Each structure stands twice: as structure tokens, then as C-alpha cells.
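Each chain gets a letter, A, B and so on, in the order the sequences are listed, and its residues count up from 1. Since this is a predicted model, take the numbers as computed values, not measurements.
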Amino acid sequence: MKNRKYTYLTNSFILGLFLVASVSCERELSDETKFATFPNTAEVFIDGFTGGLDYFPFSGSKADAFTVDTKESYKGASSMRFDVPNVGDPDGAFAGAIFRLASERDLTTYDALTFWAKGTVPGLINEIGFGQDFGENKYLVTTNLQLTTNWKKYTIAIPDASKLIAEKGMFWYAEGPEDNKGYTFWIDELKFEKLGTIAQPRPSIVNGLDKVETQFLGNSVSMAAYGLTQTFNLESGVNQTVTAAPAYFSFKSSNTDVARVSDAGIVTLVGTGTSKITATLGNVKATGSLTVNVPGSFPVAPVPTLAQNNVVSIFSDKYTNVPVNYYNGYWAPYQTTKGEQTIINGQNVINYTDFNFVGTQLTTPLDISQMTHFSVDIMMLELPTDIDLLLTFKNENSTATTFQQNRIGQSYQLDSRAPVVYPSADFKAGVWSTIKIPIRPTSETSLDKTGVNLIIIENIKSSNVKTIYLDNMYFYKE
Amino acid sequence: MEKILKQEKMKKINRNLMLIKGLVSKALLLVLPIFVISSCTTDEKQTVTTFSELVMADEFDTDGAPNNKIWGFDIGTGTNGWGNNELQYYTKRTDNVKVENGYLLITAKKEDFNGSSYTSARLLTKGLFAQKYGRFEARIRLPYGQGIWPAFWLLGDNSDEVGWPKCGEIDIMEYRGQEPTKVLGTVHGPGYSGATSISKGYSLLNDRFDTGFHIFGIEWGPEYINYYVDDVLYNQITPANVTGEWVFDHPFYIIINLAVGGDFLGAPNNETVFPQTMLVDYVRVYKNNKLN
């Protein structure tokens, strides 16, 4: 279960508690006179929580996964115990929580969070770290961790401790079952330390790559989405890489008339032209860069003209849309496609990157018996020469799966069951193409039109499709 | 020309002042360890340093190639990677060895070169300087990473006549890049070489050897070799400790090198960061002035 995505959880949790706490947090952060007086207490959990720590499980997680165990400990009388649920546990699909202080601590004198841990199985804790407070999560740090069945000491390096003058998020984790099975792990002697052996920082942005991409005027992107890490060499000789929040970095735009970067790592495209975004972390230059080419504003997809009563819309600002479970149901392990619904210049669009295949799952199966066509607008910023997409409407239910397949791409015919409905030669880079696909008789396709619930688009030639936009996805009758 | 010389001289003087300052503070610090040691042992030799008559020093103050009146080079891969299955090809190119800003820089690079996958450098005073007994020390900031093997060591000046290990070998400092807090001091001789050498490690607490400079030294006299790091004397080796003939009563020459891979520590892996540079601030040799 290592491909489980937790990102959608990171800002959501038991809301009642959050709202109250968040308000008080804002007030305290802006109170400058308190800054110098935050205590530098190191201990988080020794034989109990040190200093008013609260436990907040993630929504959807097994809320009682955490307990204080007085029978098991590395040292002293008790330890933190985490019971990861089995797959299908009605109480929650995973274990995950933050441990937050009511008031801030000054952690600037430490260089790592350390603890002892062991598991009933040598599980890999998917995400573990500190700096998550369900507020700004400004100095969030995340890594993963391989347990052993014996007590072992672990270190999570602080990317730049000088930033941590007022930190509440002492510890957080999220872990799913191993091979579908739940298990238990324990953490003890959880504290911040000045080890003195955390060395050789090698920060990186954009996962250390020099990426060039087209962005549109007025758009904003978060550098966090491009992979921000800090790597240290630990005393053990092991290089440890943690994911570090943007606020640890100082970003620089080579052309502030084109791109500006906020302290929170949000890049805003303010003019046409080119700018290279680079960064430092604690005065060390980060490897990697993001070069943005801004040709102008994002082109708006053509507004559909058909009346609502002739349309069953899946994604469009013009129409009322049917409920959709997801526009990208990340299918492990082979799917690389990232991205989903986004808003550009106030317009809802779907934006996929690293596109190999993707699916849109409808909440309720659609009866399209009365429909004659399916329409979708597609735009790519760079056009691969060999683009060939396979678009499939599926009726996937418990008794049988039926489908109609359609090719958007090469004009030669490979398979009569998947006719070319739009030739790839008609695509133009940065220009929307409206693709209208006839709904064929069931006798030709097998598709049971009474219950279509899945639309899949596949990049069947594995073309290098860096960025693809979709809009105005709907069935209609002429 | 004159102006340049003057500046050089100024730099030298400032440097010496700094050194004196450094020595003074060091001397103050020394008091404590001496008390501690003498309180738990009667062996009065166990002070960190006692020899102060400087015989030879390279402060690496002239940019460019190392001083060829002090240092020669081993070039290539030796036999079986210098007897240890080391992976580097030693060169004397400025890519691998140079003096810059007051330091000797020995740099290990990952590059295909004459059939090897790495290049680096090995400097030695063989034929240029050798001494029996005394104090040998260097101030070094070490590199790091799996498979990175720097060393500051001595080899018997009769190595070409009697061979190794009969010539004797005194490793003042060697270090595995994957263990960045620990150095080793070792002697090799007939009957106690390689895996059976006489060795002791010294580890830093809450610090490591690749983030700052540390002084690695020995004081060597008849029937003893004392090993120290900074202000800590951490080992003494005497004829009673070695499991064979004591072969440390003749002149030895100095070697400083940065090896990559080898039986001692294994090969680099894809976590090893290249290039890796070892910085040497100085090498100093003092006479054993307690003789006669």
C-alpha cells in the first residue's frame, strides 16, 4: 500500500478542533513580543507528552490508532503505540495523526528530531516528520522510515533549524497496512536533539532537475509541487533526504517582470517572457531549477453552444455537471499521470502532466442511449510527433464490462473497433482542439449505453506528453 | 615583484600570529587532559605533544602545484590498486591536486581515465624527506561518503630494499568516508600487517571529521608511538603491543593520499557524492628532542 496518496488529507481533519485552534494560532504568531520567549524544550514524548501536546488524527484514518502503551517501551515506563488497521477496517483505512503543541517552541538550537522505534513487522512508514500543525504547515518536513522488529534509533534532520523560532507541529505520521495487513509500531524517547553530526547539506528543487515549461500569464504554481528536498549525511554515513516545505528555501526569479516567487514558494506569472527560478537553503545553493516560458494568457477553451437540455456534461463551466468521483483516479502501480482539475484565470480546466493514462470515474452510471456524440476539448503545449490517444467509454459493472474505443491520433487505421475520430495532424501547440466522437451502435462496439461510468484516455504510443489540458467534456445529442 | 613579496611576507606574519594564538589557546586546553590522564595512569609519556623543534613544514601558502622540493607523486594504479584493490587512477593534474588559498587540495573525481573510473592523487616525500622518530602532524578537513578513503601515513624509507611490511608502516590517520565520525591509527609490520595490523579508532562525539579541520599526529620515539587527534591522546603503541618484530627505529617518509574504494572500505555507491576534496592546512614534522 505504498502508493496511497495522503496529500488530500493533509489539510483536512476533525474540523471543529481545527477552527478554534487556528484562530488562536494566528493571534499568537502576530504577537511579536512573544517571539523571543518561546521555550526551547526538546522533549516531545518521553514517558508521556511534554508540555500540552494534542493528538489530532487525519480524517479517514483510524482515530484510535494511537495510544500510550504502558507495557512496552524502549526506556522508562511507556511508549507511543500505533495500531495500523487492516485493509477494509471500517474504522479507518490507515493510521495517521499530528501531535501539536498549544503554544510554540523555539527549536533553533537543534538539528534533528530523534526517536526509538520498532514494529511487529518491518514496515515502511509512508510519511513521518514534523512541522505539520493544520495551520500553514509552514515548516513541514516529511520522510519515510523503514522499521525493524527491534528497537532502533531514528533521526529526521531539520532542513534549517534557524527557521524554527516558533514551531507547534512536533510530530506527524501517516501509515497504511503492509501487504493489506495491519500491524503495530511503537515510538519512544521522541525529542529534538543537537547531534552535531548532521552535515553536508545538499538542498534541491525540482528534484535536482533543470526543468523548462510553458506557463500562462496570471497563473500561479507552487514550487512544492516540483519536489523540494534537503539531504544530509548522517552520523551513520547514510544520506537522508527529507521533503522540505517551501518556506525553508529562499527562491530567486531571474526576471521578476515575468515571475515572482513568494516566501511560501508560490510562483506567480506576471508578464510574458522567460524567467529561471533558483533557490538556496541556509545559504547553500539548491540543485535544480524551473525555467518558465510565458507566451501570454492561458487560451480559453471554446465555449460550447448547445443548450443544456441536449447535453449530459461531465466537465464544463457552461453546463451543470454530473457528479464525478475523480478526474484522475491514480491507478497504482503503472500510472504516471499527475494533475487533475485546476483553475486557470477563473476557468475550470483539467491539467495532466507526465501523461500515460488517466480515468474519470462518474459517481452514478450515465444512460447515454439518447446521445449521439461525445465532445472534449484538448490542448497540448508541446506536440509530440507520434501522438496517439485511445479514448474509451466504459460500462464497468459487476456482471460485465462493455466499451466503445476511439482513437485520437495517427490517421492510419490499426483496429476497426477503435476508429480514428480526430487526426493528430490537426493538433496545434497551445491551441484548443474540439473533438467530437460519434456514439456508435452497440452492435459495433459492445458498449451497453445504459450505464457508462468510466472514461479512460491512454497515451498508447507513450508519446512524450508533458502537459495536456482538457475542458468541456460532455455527451450530447444533435 | 617586491610588492608581491611584501604581501606574501605580511600574509606569512599574520598567519604565524594566528598560529601562535592558536597554540596558546590549545596549550590552555591541554592542561585538563593532562591532569585527567595522569590521574588514571602513571605513564608520564602520555601527554599529547612534547616535541617542539620544527624540522620540516609545508604550510601550503603558495598557490599552484605542491612544492616539488618536499612532495613527489605516485602515478597510476600501482599493482592491484596499490595492493588494496583501490579503484582510482592517481595523477598529478591540478584537477586532482593543487595548492590554493593556503590549503593543499586533493580531489577525488568520478571520471573515466586510463581504464579507471575515478582519479585522485597521492603525494609522498620519498627521496625528499624522511626522519626517524619525532612528531608528525597534519591539520586536515576530510571528505566523506561510501568508498572515500583518505590517509596521512608513513612508510619505512627502506621499503625498496626490504619490502612491505618489513619496512614498517605507521598510519597516522585513515578514515572510511561512510563512518564520518571515526578515524583510525594503525601500525603494520612483519607478522602484523593488513587484517592483523595493530589499530585503534578514535571517534568524535557530536561532531564529525568532514565539517571542520582536525589535527592528526603522532609522537614517535624509541619503543613507542603516541597517537593524537587535536588535544586528545588516544593510543600508545609499544613493542609490547605488536605481534612481531618492532620495525620503527629507522627513517620513514610521509604519504598523503585520497583513495577511492578498496578492500578496506568497499566501493563507492550511487549515494557517494563526487567530487570529494581533502583539505590539508599544513604538514609539520618536529624532531624528537628528548633523545640524548
Per-residue contact mode, A/Thr231 against chain B (heavy atom under 4.5 angstrom):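 Neither; nothing under 4.5 Å.
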
Honestly, the part of B/Glu271 sitting under 4.5 Å from a heavy atom of chain A is both

Check the orientation of [X] and [Y]. Use parallel for under 30°, tilted for 30 to 60°, and perpendicular for over 60°.
X: A/Phe192; Y: A/Phe130; value: perpendicular
X: B/Trp71; Y: B/Phe60; value: parallel
X: B/Tyr90; Y: B/Trp82; value: tilted

What option among B/Arg208, B/Gln178, B/Gln146 has the most heavy-atom pairs under 4.5 Å with chain A?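 Winner by heavy-atom pair count: B/Arg208.
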
Tell me the side-chain hydrogen bond (donor to acceptor under 3.5 Å, both in side chains) pairs involving residues 196-206 of chain B, sequence neighbours left out? B/Thr186-B/Ser199

cation_pi(B/Arg93, B/Phe113) dist<6.0 Å, angle<=45: yes

Can you tell whether the side chains of A/Lys153 and A/Glu235 come within less than 4.0 Å, N to carboxylate O? no

NZ/NE/NH1/NH2 to OD/OE distance under 4.0 Å, A/Lys138 and A/Glu104: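 So A/Lys138 does not pair with A/Glu104 through a salt bridge.
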
Residues 198-211 of chain A vs chain B, non-hydrogen distance cutoff under 4.5 Å, contacting residues -> A/Ala199, A/Gln200, A/Arg202

List the steps and the verdict of ring-ring contact (aromatic ring centres under 6.0 Å, His included) for A/Phe49 and A/Phe99. CA-CA 9 Å; A/Phe49 289 125; A/Phe99 295 81; 5.7 Å; yes

For each of A/Asn233, A/Thr197, A/Leu195, tally heavy-atom pairs with chain B at distances under 4.5 Å, and name the one with the top tally. A/Asn233

